[in-house]
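Below is one structure, written out as structure tokens; the observations come after it.
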Amino acid sequence: MTDYKYLAELAQEARKKSYSPYSHFCVGAALLCKNGKIYTGCNIENAAYTPTNCAERTAIFKAVSEGEREFEAMAIVGGKAEEKGGFCAPCGVCRQVIAEFCGDDFKIILGNEEEFGVHTLGSLLPFSFTKKDL
Ligand code: THU
């Protein structure tokens with residue numbers, strides 16, 4: 001049984017590294033690979049705004065660049081800097097990036113380590129356009 005609470009704790013910890021001087025909205029993510037390894041990420045903003053990278057993509061890009069391709073679950077924790085991290089739904093771009101590597105059954109844990117819900121990529125990104133369509 002996957003320890004989603006632990007994954008949410010790691011996302012909360014990763015959120016502390018958030019570089020978000022413009023939005024002051026801090027997000028952390030923890031990505032569990034099928035081999036048991038975990039990669040974390042935070043959002044990284046930029047003065048030009050558009051180069052900003054979300055926490056989820058930071059975690060996925062870290063993992064893929066280390067050779068990982070098979071993923072089981074991701075926990076996401078977000079919120080205003082002065083508040084404790086909590087529920088934060090992944091943006092559309094991140095859902096699409098997750099769909100590049102993960103199937104409909106990939107688990108997405110939303111909330112913090114005290115209270116979270118377990119969702120699936122299929123429920124958050126129905127009718128997805130992926131490599132199966134090309
Ligand atoms: N953000 C994430 O990192 N992940 C999400 O799922 C939603 C938004 C970041 C991007 C930006 O740095 C800040 O939160 C406000 O949008």
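Keep in mind the model is a prediction, meaning the values are calculated, not measured.
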Do Ser18 and Ser20 have side-chain N/O donor and acceptor atoms under 3.5 Å apart?
yes
Neighbour count >12 (heavy atoms, 6.0 Å) for atom NZ, Lys17
no
For Glu45 versus Ser23, what's the shortest heavy-atom pair and its separation?
OE2-OG, 2.5 Å
Taking it one step at a time, do Asp105 and Thr120 satisfy side chain to side chain contact (heavy atoms under 4.5 Å, CB included)?
CA-CA 6 Å; Asp105 59 342; Thr120 61; 5.7 Å; no
Looking at Glu114 and Lys84, does any basic side-chain N land under 4.0 Å from a carboxylate oxygen?
yes
Starting from the C-alpha separation in whole Å, work towards a yes-or-no answer on side chain to side chain contact (heavy atoms under 4.5 Å, CB included) for Val77 and Phe116.
CA-CA 9 Å; Val77 176; Phe116 58 80; over 6 Å; no
Smallest separation among heavy atoms of Glu56 and Cys91, with atom names
OE2-N, 4.4 Å
Closest approach of Gly117 to His119 (non-hydrogen atoms, all atoms of both residues)
O-CD2, 3.4 Å
Within a 6.0 Å radius of atom OH on Tyr6, are there more than 12 heavy atoms belonging to other residues, nucleotides or ligands?
no
For Ile76 and Cys88, work out which heavy atoms get closest and say how close.
CG2-O, 3.6 Å
Taking atom CD as the centre, does Glu115 end up with more than 12 heavy-atom neighbours from other residues, nucleotides or ligands that are less than 6.0 angstrom away?
no
What is the minimum heavy-atom distance between Asn46 and Thr52, and which atoms define it?
N-OG1, 3.3 Å
Do Tyr22 and Tyr49 make the cut of ring centroids closer than 6.0 angstrom?
yes
Transitive ILVMFWY cluster of Leu134, excluding itself - 4.5 Å side-chain cut-off:
Phe129
Shortest non-hydrogen pair, Arg15 vs Gly79, comes out as NH2-O, 2.9 Å
Candidate pair Tyr19 and Cys42, rule side chain to side chain contact (heavy atoms under 4.5 Å, CB included), full reasoning
CA-CA 7 Å; Tyr19 176 75; Cys42 64; 5.7 Å; no
